*Asks:* 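Once you've had a glance at the structure underneath, I'll fire off some questions.
Keep in mind the model is a prediction, meaning the values are calculated, not measured. One-based numbering, in listed order, for ligands and for the atoms of each.
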Amino acid sequence: MSTMRLPWNGSNIPHGTLDLLRKCNISCRGCYNQTPEWIKPLQQVKDDLDSMMSQRRLHTVSLTGGEATLHPQLPEIVQHVRSRGLMAAIVTNGVLLDSEMLSRLKTSGVNLIMVHIQLDQKRPDLPAEPKLEDVEELRRRMLQMIADHGIEPGISYIIYRNRLEELGRLLSMTLNSLPAGFVLLTMYNNFNKLPRLQGSLSEGFRSVASDEIVRDADEGEIDIEELLEFLEQQCFRPFSYVAANTDKRMKRWYAYLFASVTHRDGSHFRLALKSSLLERVAIRLMPLLRGRMAFLYKPNPWLFRFQILLNALTGGDFKGNLKLLQHSMKRGAVLSDKHFLLQRAPELTANGEVVFCKDCPDATIRSGKLLPACLADRIVDE
Ligand code: SF4
């Protein structure tokens, strides 16, 4: 069966992003934050959440920045999100994460903390010229510290064309040993080159003046075909996707679901699952049964085994899934699910139109309006 298109349209999108501030304590090459510093008071965050909830049947909200941990009321914000019946995820560079902050966030009810640590960052907890091993060690320590506080750890990572070795190692380490169930991969895009834009999420965005469009080659930007080929070489095959705003056959968000088994002797067996009839039916029934779709989904190992079996029987990879189940039943074997999400950067066509992810599942709020988080700082009022 082919890759499943997620039936996320309009209010049926289970996720949104609340950016809490524009301020950061490190500097990253691919950052899309463009405006001068600002910070949202708690009441505004609450109002923005109300506004987002009136437009989407949310399941999960991601709290971002700038750097989310610089918001002095982050625990209260998490608590508020949870009190509205939603899951709360935080995206952070992790510089300020310590045991005290993690304990406070755990008490507030945070579900997932995604850390963004990679080469091409200037940060105080790494040497000025870090080696890849320094970065990996810091990332591993940070993920373990989050897991030790009973919080699900995740990874946020920006893909640069000239850093594919780092990406390959990250993918393989995540599948084999890192305690991270969720990985967000964002393709690098030089946002400084984007012109000012006007429009809306439903009608699309256009550049205000076509003479502002500058598209020089940038060594960090990778072509999607080249990236997909690289991922295929690592046995990545997409499970589902979100279409483009302009063409429902064009994939903009690629979701990958892996089952990974670790044996007692340290060896591994892993498989990228293929979507089957089971998932297509389940995702359509969910809003009817539970009022909304799920976004962060983490089954326990027995439920996951059952899903793998049903997936095999309803059009998934029959032989592969059975082999996987066989591995997972061996003595001492540990089965885990690993979720990867690849976000393709928005593209500007020659006539100034922006191609982005349909209805933007990562949309944020500005003056009550939903806008793609990656473009929000470039959008000007009509
Ligand atoms: S359009 Fe939305 S989902 Fe797509 S890359 Fe931009 S922020 Fe992410």
*Asks:* Go through the side-chain N and O atoms of Tyr256 and Gln234 and say whether any donor and acceptor fall under 3.5 Å apart.
*Replies:* no
*Asks:* Looking at atom 2 (Fe) of ligand 1, is there an N, O or S atom belonging to Cys357 that lies under 2.8 Å away from it?
*Replies:* no
*Asks:* Do Arg280 and Ser275 pair up side chain to side chain, a donor and an acceptor below 3.5 Å, judged on atom types alone?
*Replies:* yes
*Asks:* Considering only heavy atoms of Pro361, which atoms of ligand 1 have at least one such atom less than 4.0 Å away?
*Replies:* 3 (S)
*Asks:* Which of these, Ile77, Val115, Leu74, Leu97, sits in a side chain to side chain contact (heavy atoms under 4.5 Å, CB included) with Ile90?
*Replies:* Leu74
*Asks:* Check whether the side chains of Glu67 and Asn25 place a donor and an acceptor atom closer than 3.5 Å, and report yes or no.
*Replies:* no
*Asks:* Assess Arg252 for proximity to ligand 1: is some non-hydrogen atom of it under 4.0 Å away?
*Replies:* no
*Asks:* Look at the aromatic rings of Trp8 and Trp253 and report parallel, tilted or perpendicular, splitting at 30° and 60°.
*Replies:* perpendicular
*Asks:* Give the numbers and elements of all ligand 1 atoms closer than 4.0 Å to a heavy atom of Trp253.
*Replies:* 3 (S)
*Asks:* Please could you name the atoms of ligand 1 that Gln343 approaches to less than 4.0 Å, counting only its heavy atoms?
*Replies:* 3 (S), 8 (Fe)
*Asks:* Under 4.0 Å from any heavy atom of Arg344, which atoms of ligand 1 are there?
*Replies:* 5 (S)
*Asks:* Verify whether the ring centers belonging to Phe258 and Phe236 lie closer than 6.0 Å.
*Replies:* yes
*Asks:* What are the atoms of ligand 1, with element, lying closer than 4.0 Å to any heavy atom of Ala373?
*Replies:* 7 (S)
